[in-house]
Amino acid sequence: MIQHKSILRVLSLSLGLTLLPSCSDSLSEIGESVQPSGDKIEGQMTYLQMTAATIADEQVYSSTNNALFGVITDPEYGTERGEYITQVRTAPGFKLDPEPLNNKLDSVTLRLYYVNRTGNLSSSIKMEVYEVAKGFTGNNLSSKDLEVYRQAGALVGSQIITPDRDAFKQKISQRDSAYFVSVRLSDELGQRIYNLSKSNPEYFASQTAFSQNVLGGLLVTPSTGAGYMLQVLQTSLVLHYHRPHATKTDSTVRYAQSFVSTELTPRLNGLSSSEVSKLTATNSQYCYVKGPAGVTAELTLPADELQRLLASAPQLGSGQSKKEFFSRTWLLSAANISLKVDNPSKLLLNPPPFLLLLPSEDAADFFKSSSPTLKRAQTYLSEQYQASALVYNFRNIAELVTQHLIKHASYSAGSGWQITQPIKLKIVPVEYNSSQNVTLTLQQYLFPYFVRLSKDAQALRFGFIVAKRQQ
């Protein structure tokens, strides 16, 4: 499978314009033989017990050009629905060159390009396309539905789409191909765009002017039917026309001019997931991650577990800061977490390739960065999911716990170490790509997925090596 960003680059060029009690087990001293006699480190293994709950997570932040179209339903866990609004890219000085015969277009179509798809591609969904009001500015944060735009918009095209029957495969490079489905739109829409390009070329000089005067955007929505979901990488509005042949006066030549969506054009994803209340209900066996825009799991390391961890900590030295204490005197390490996947055998949706673990309080703003990247002591990426292993592994969250202790633990001579603030960590399915340890892509996973995680106490138990420096 090829990378989405590569596909988009090639598409743009070719078109032109993812409770047991805790215990503590002593280990032998760590590294004693190589430590100076006055600076030995004593290590101990301590296990802590997390809890987990399913929480609603009904919005997705996406700064990419990706969108979802379709409806897919699992008999037990409900329906995922995807629709979207997109603007298409204009360019200063735009004009049809050569000009259409008699200044008249033949037709206008909308193409949805995709690679990833899921469900039954022999099933049918009626696609409707609406022209939305001028001045549409978009939003990177998804909406539960786009009905308000549909009601205020004008229907400009509809067609029943069966991908196995209607999709075309287009080669976009020597190695790669993409599929597209197409729906014919009203001739009036295309003719209006062409006429305005001749009478008011200033409307095409900027994206804002184009949106306010020519085309606000296009809403692509499934109106009836279900069975599949397409991950749309690019949307193309194509104007079709003829022009006279350059040398043969009795012949014409067919032409097409495309306006395409890009990461620079306004967009809005409409994403919804049913059965949210069912999945967030109290459940002693499982927690769920379903979406996009559905539910996710939140892990909690309770304050009483952190307090028990601190029970083995020595007193704070005179004049010593908490940061110095937790980085030099009493250290945590090797805190790996493994989350066990226990999905039903008959399930339509697959687990996402990666999960991201980060403090719940930071999750809302993390992806709003122009280039989200992994942050030390704050974000933890799982190893890539393997169906044969049925587990998501996270390596060493010790530094996150250490930073939490520095921030929230307190010490007094009378009471010793005290902490009342738990650690809450949100799970976010992500798409991740890197090269030579440099993050290329880190964004919320915009494709249907489902994970049922075990809440068995043993599955939510993890260990630290607690090292105490003896001086």
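Keep in mind that the numbers below use all heavy atoms, side chains included, and drop hydrogens, waters and symmetry copies.
A 4.5 Å side-chain heavy-atom check between Asp145 and Ser272 finds every atom pair outside the cut-off. Within the 4.5 Å cutoff, the side chain of Thr54 has no heavy atoms near those of the Thr296 side chain. At a threshold of 4.5 Å between non-hydrogen side-chain atoms, the residues Ser382 and Leu357 do not count as touching. Using a 4.5 Å cut-off on side-chain heavy atoms (C-beta onward), Val341 and Tyr385 make contact. Between Thr79 and Val71 the shortest side-chain heavy-atom distance falls below 4.5 Å. Using a 4.5 Å cut-off on side-chain heavy atoms (C-beta onward), Asn269 and Tyr84 make contact. Using a 4.5 Å cut-off on side-chain heavy atoms (C-beta onward), Met229 and Arg117 make no contact. Two residues are said to be in side-chain contact when any heavy atoms from C-beta on lie closer than 4.5 Å; Leu460 and Leu339 meet this criterion.
Ring pair Phe168/Phe180 is parallel by interplanar angle, where below 30° counts as parallel and above 60° as perpendicular. The aromatic rings of Phe259 and Phe204 sit tilted, their planes meeting at an angle between 30° and 60°. Using cut-offs of 30° and 60° for the angle between ring planes, the Tyr241 and Tyr255 rings count as parallel.
Put simply, the side chain of Ser206 gets close to the backbone of Ala209: a donor and an acceptor are under 3.5 Å apart. No donor-acceptor distance shorter than 3.5 angstrom exists from the side chain of Asn213 to the backbone of Tyr203, with no hydrogens or angles considered. Judged purely by atom type and a 3.5 angstrom limit, Glu305 has no side-chain atom pairing as donor or acceptor with the backbone of Leu48. In this structure, Gln207 contributes its side chain and Val88 its backbone to a donor-acceptor pair below 3.5 Å. Using a distance-only test at 3.5 Å, with no hydrogens or angles considered, no donor-acceptor pair links the side chain of Gln212 to the main chain of Gly135. With Asn283 contributing its side chain and Gln285 its backbone, the two residues share a donor-acceptor pair below 3.5 Å. In this structure, Thr262 contributes its side chain and Leu264 its backbone to a donor-acceptor pair below 3.5 Å. Judged by distance alone, the side chain of Thr109 and the main-chain N or O of Ser182 form no donor-acceptor pair under 3.5 Å. A distance-only check finds a donor-acceptor pair linking the side chain of Arg452 to the backbone of Asp342 [under 3.5 Å]. Using a distance-only test at 3.5 Å, with no hydrogens or angles considered, no donor-acceptor pair links the side chain of His240 to the main chain of Gln257.
Side-chain polar atoms of Asn140 and Ser63 form no donor-acceptor pair below 3.5 angstrom. A donor atom on one side chain and an acceptor atom on the other are found under 3.5 Å apart for Thr64 and Ser62. Tyr47 and Gln49 are not linked by any side-chain donor-acceptor pair at a separation below 3.5 angstrom, with hydrogens and angles left out of the test. Between the side chains of Ser158 and Lys126, no donor-acceptor pair is found at a separation under 3.5 Å. Checked by atom type, the side-chain pair Gln403/Glu399 shows no donor-acceptor distance below 3.5 Å. Of the N and O atoms on the side chains of Ser360 and Glu298, at least one donor lies less than 3.5 Å from an acceptor on the other residue. With no hydrogens or angles considered, no side-chain donor-acceptor pair links Asp456 and Gln458 at under 3.5 Å. A donor atom on one side chain and an acceptor atom on the other are found under 3.5 Å apart for Ser124 and Thr162. Counting only N and O atoms by type, the side chains of Gln234 and Ser261 include no donor and acceptor under 3.5 Å apart. Looking only at atom types and distance, the side chain of Ser338 has a donor-acceptor partner in the side chain of Asn393 under 3.5 Å away. Thr300 and Lys424 share a donor-acceptor pair across their side chains, judged by distance under 3.5 Å alone.
Scanning all heavy atoms of the two residues, the minimum distance from Leu453 to Val451 falls at CD2-CG1, 3.5 Å. A pairwise comparison of heavy atoms in Lys171 and Ser177 identifies CA-OG, 3.7 Å as the closest pair. Summarising the geometry of Ala256 relative to Val238, their closest heavy-atom pair is CB-CG1, 3.8 Å, with the distance given to 0.1 Å.
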Derivation of the side-chain contact (heavy atoms from CB on, under 4.5 Å) call for Ile397 and Ile337: CA-CA 8 Å; Ile397 70 162; Ile337 294 178; 3.4 Å; yes
Take Tyr130 and Glu128, measure what side chain to side chain donor-acceptor pair (under 3.5 Å) needs, and give me the verdict at the end. CA-CA 7 Å; Tyr130 290 82; Glu128 291 185 342; 2.8 Å; yes
Test salt bridge (Lys or Arg N to Asp or Glu O under 4.0 Å) applied to Lys346 and Glu76, step by step: CA-CA 10 Å; Lys346 294 182 179 180; Glu76 183 174 358; over 6 Å; no
Could you walk me through whether Asn116 and Phe447 satisfy the side-chain contact (heavy atoms from CB on, under 4.5 Å) test, starting with their C-alpha distance in whole Å, then the side-chain angles of each, then the deciding distance to 0.1 Å, before giving a yes or no? CA-CA 8 Å; Asn116 291 338; Phe447 197 67; 3.8 Å; yes
Step by step, would you call Val129 with Val183 a side-chain contact (heavy atoms from CB on, under 4.5 Å)? CA-CA 9 Å; Val129 181; Val183 56; 3.9 Å; yes
Determine, step by step, whether Leu332 and Leu405 satisfy the side-chain contact (heavy atoms from CB on, under 4.5 Å) criterion, reporting the C-alpha distance in whole Å, the side-chain angles of both residues, the deciding distance to 0.1 Å, and the verdict. CA-CA 11 Å; Leu332 305 177; Leu405 294 176; 4.0 Å; yes
Intermediate values then yes/no, ring-ring contact (aromatic ring centres under 6.0 Å, His included), Phe354 and Tyr432: CA-CA 7 Å; Phe354 296 96; Tyr432 174 75; 5.7 Å; yes
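Of the inter-residue distances, the one linking Thr221 atom OG1 with Ile125 atom CD1 reads 10.0 Å to the nearest 0.5 angstrom. Rounded to the nearest 0.5 angstrom, Leu239 CG and Leu105 CG are separated by 5.5 Å. Interatomic distance, Tyr288 OH to Tyr286 OH, rounded to the nearest 0.5 Å: 7.0 Å. From Tyr113, atom OH reaches atom CG of Asn65 across 13.0 Å, with rounding to the nearest 0.5 Å. Atoms CD1 and CG, on Ile161 and Asp166 in that order, are 5.0 Å from each other to the nearest 0.5 Å. Rounded to the nearest 0.5 Å, atoms CG (Leu348) and CG (Asp74) are 5.0 Å apart.
A salt bridge links Arg192 with Glu131: the closest approach of a Lys/Arg side-chain nitrogen to an acidic carboxylate oxygen falls below 4.0 angstrom. Taking 4.0 Å as the cut-off between side-chain N and carboxylate O, Glu383 and Arg395 count as a salt-bridged pair. Using a cutoff of 4.0 Å between basic side-chain nitrogens and carboxylate oxygens, Glu83 and Arg150 are not scored as salt-bridged.
Counted within 6.0 Å of CG on Leu155, heavy atoms from surrounding residues, nucleotides or ligands total more than 12; the atom is thus considered enclosed. Within a 6.0 Å sphere centred on CZ of Arg165, other residues, nucleotides and ligands contribute more than 12 heavy atoms. Within a 6.0 Å sphere centred on NZ of Lys322, other residues, nucleotides and ligands contribute more than 12 heavy atoms. Summarising the local packing, NZ of Lys278 is surrounded by more than 12 heavy atoms from other residues, nucleotides or ligands at distances under 6.0 Å.
The salt bridge (Lys or Arg N to Asp or Glu O under 4.0 Å) analysis of residues 49-67, with sequence neighbours excluded, yields the pairs Asp57-Lys426, Glu58-Lys144.
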